[in-house]
Amino acid sequence: MANKPIITVKNLVKNYGDFEAVKGISFEVYEGEIFGLLGPNGAGKTTTLEIIETLREKTSGEVTVDGFDIETDADSIKKRIGVQLQAAGYYPNLNLSELIDLFSGLYGITKTPAEMLGKVALNDKAKAKFKELSGGQKQRFSIATTLINNPRIIFLDEPTTGLDPQARRNLWDLIREIRDAGTTVVITTHYMDEAEVLCDRVAFVDGGHIIGIDTPDRFIDQLVATGFERAKQTKGANLEDVFINLTGKEWRES
Ligand SMILES: Nc1ncnc2c1ncn2[C@@H]1O[C@H](COP(=O)(O)OP(=O)(O)OP(=O)(O)O)[C@@H](O)[C@H]1O
């Protein structure tokens, strides 16, 4: 992968009153990668993402997204990114088809519901309302809405929280497909197994600082090189393997 930065963050600071939530962080996201922001609750991940998404004011520092400055070109950035909305953002009385039409209209883009729902395997739910969907289907639909404006980058904030093992794996496949089709993906997650298999690179954020940034593989190799050894696994499978083995890998939520 040619490492061409699509997001550049330099010395970003965000204060809420006297409280410094983000304390001068710098990092780059490369074009075409799945980039994970990891860290404990309250580390500053959402604050950082919302500043990059032009939804929140920074205190100081510089951020460019696809060559545009968040300070002077927020509108150009908004046109080039897709941000997952929380469920509350969907009109309750519209079905999925109507919601796609509505969002397309807001973007001034002609996208058919069949095309967008097809991308996330929800064509059979075109007439269903958002609240009637399973957790995995809701996440897939909200990812479809991020893709309507052909974004260069999408931002997913804990997209697999609360999903069952199959639904999580299917969402990983979907996120990889989106990356493979050329869209950069920035994701937050509290599941380290997910970050390990899904993310090309991850940054660890703690207390408003970035404390490490690298590929999952290199992070793990570096830790092992220090002599760290994991408690030996006594069994060749775990309960999640049993779950998947018993209930199958196919999508279960139609
Ligand atoms: N609007 C706000 N006003 C005051 N403090 C805030 C505000 N938003 C966030 N904070 C504080 O800033 C810190 C960073 O919050 P942020 O939501 O960015 O963390 P996070 O890493 O996304 O956490 P989580 O994993 O829980 O989502 C926290 O201490 C939080 O309480």
Side-chain angles (χ1 to χ4, degrees), residues 6-30 33-65 69-71 74 77-78 81-90 135-136 138-143 145-146 151 153-165 167-168 171-172 174-175 178 184-216 219-220:
I6 192 163
I7 298 173
T8 306
V9 176
K10 277 191 199 147
N11 301 319
L12 180 66
V13 173
K14 175 66 181 180
N15 299 335
Y16 294 111
D18 292 342
F19 176 68
E20 269 193 305
V22 176
K23 297 175 180 157
I25 67 174
S26 302
F27 64 96
E28 289 176 335
V29 175
Y30 301 146
E33 71 176 348
I34 301 176
F35 182 86
L37 265 188
L38 312 179
N41 292 131
K45 303 178 298 291
T46 304
T47 300
T48 302
L49 285 189
E50 289 184 352
I51 292 169
I52 298 170
E53 293 159 0
T54 75
L55 300 176
R56 203 177 276 257
E57 296 275 323
K58 65 183 164 67
T59 301
S60 64
E62 289 166 38
V63 179
T64 56
V65 179
D69 192 310
I70 53 164
E71 211 155 351
I77 293 172
K78 286 192 175 87
I81 65 171
V83 178
Q84 226 182 339
L85 273 186
Q86 296 306 317
Y90 298 115
K138 283 181 174 148
Q139 287 294 350
R140 297 211 303 276
F141 178 73
S142 76
I143 289 177
T145 67
T146 71
I153 310 162
I154 60 168
F155 295 87
L156 308 176
D157 203 352
E158 300 184 30
T160 64
T161 297
L163 300 189
D164 72 44
R168 281 178 79 211
L171 215 66
W172 297 348
L174 174 63
I175 293 168
I178 291 169
T184 305
V185 180
V186 180
I187 184 170
T188 66
T189 177
H190 287 294
Y191 302 118
M192 293 305 111
D193 60 332
E194 172 164 300
E196 188 179 333
V197 299
L198 190 60
C199 294
D200 297 302
R201 289 190 312 138
V202 296
F204 287 97
V205 188
D206 194 12
H209 293 286
I210 290 205
I211 52 174
I213 180 162
D214 213 329
T215 63
F219 267 123
I220 293 166

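Note: hydrogens, waters and symmetry copies are ignored here, and every other heavy atom, side chains too, is used. Counting starts at 1 for both ligands and their atoms, in listed order. Bear in mind the structure is a predicted one, so any value in this text is a computation, not a measurement.
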- Message: Does only the side chain of Glu50 get under 4.0 Å from ligand 1, or the backbone, or both, or neither? Count heavy atoms.
- Response: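 Neither; no heavy atom under 4.0 Å.
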- Among Gly39, Gly207, Gly42, Gly208, closest by any non-hydrogen atom to atom 23 (O) of ligand 1: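 Among Gly39, Gly207, Gly42, Gly208, the closest heavy atom to atom 23 (O) of ligand 1 belongs to Gly42.
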- Message: Tell me whether atom 27 (O) of ligand 1 lies less than 4.0 Å from at least one protein heavy-atom position.
- Response: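 Yes, there is one.
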- Query: Does some non-hydrogen atom of the protein lie less than 4.0 angstrom from atom 2 (C) of ligand 1?
  - Reply: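 Under 4.0 Å from atom 2 (C) of ligand 1, at least one protein heavy atom found.
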- Phe219 vs Phe204 aromatic rings, parallel, tilted or perpendicular, using cut-offs 30° and 60°?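 Taking Phe204 first and then Phe219, their aromatic rings stand perpendicular (interplane angle over 60°).
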Name the closest protein heavy atom to [atom], giving the residue it belongs to and the distance to 0.1 Å.
| atom | result |
| --- | --- |
| atom 9 (C) of ligand 1 | Tyr16 CE1, 3.4 Å |
| atom 18 (O) of ligand 1 | Thr47 OG1, 2.6 Å |
| atom 30 (C) of ligand 1 | Phe19 CE2, 4.7 Å |
| atom 25 (O) of ligand 1 | Lys45 NZ, 2.8 Å |
| atom 19 (O) of ligand 1 | Gly44 N, 3.3 Å |
| atom 22 (O) of ligand 1 | Thr46 OG1, 2.6 Å |
| atom 24 (P) of ligand 1 | Asn41 ND2, 3.6 Å |

- Query: Could you state the interatomic distance from CZ (Arg201) to CD1 (Ile213), rounded to the nearest 0.5 Å?
  - Reply: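 CD1 of Ile213 is found 4.5 Å from CZ of Arg201.
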- Task: Check each atom of ligand 1 against the heavy atoms of Ala21 and keep those under 4.0 Å away; list them by number with element.
- Result: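 Per the distance check, 12 (O), 13 (C).
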- Task: Could you list which atoms of ligand 1 come closer than 4.0 Å to a heavy atom of Arg56?
- Result: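 Those qualifying, in numeric order: 1 (N), 8 (N).
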- Determine, using heavy atoms of Glu20 and all atoms of ligand 1, whether some pair is separated by less than 4.0 Å.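 For ligand 1, residue contact (heavy atoms, under 4.0 Å) with Glu20 is absent.
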- Could you tell me if any non-hydrogen atom of His190 lies under 4.0 Å from any atom of ligand 1?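 Under 4.0 Å: yes for His190.
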Determine yes or no for a side-chain-to-main-chain donor-acceptor pair under 3.5 angstrom, with [X] supplying the side chain and [Y] the backbone.
| X | Y | answer |
| --- | --- | --- |
| Thr59 | Asn15 | yes |
| Thr8 | Glu28 | no |
| Glu33 | Tyr30 | yes |
| Lys23 | Gly207 | yes |

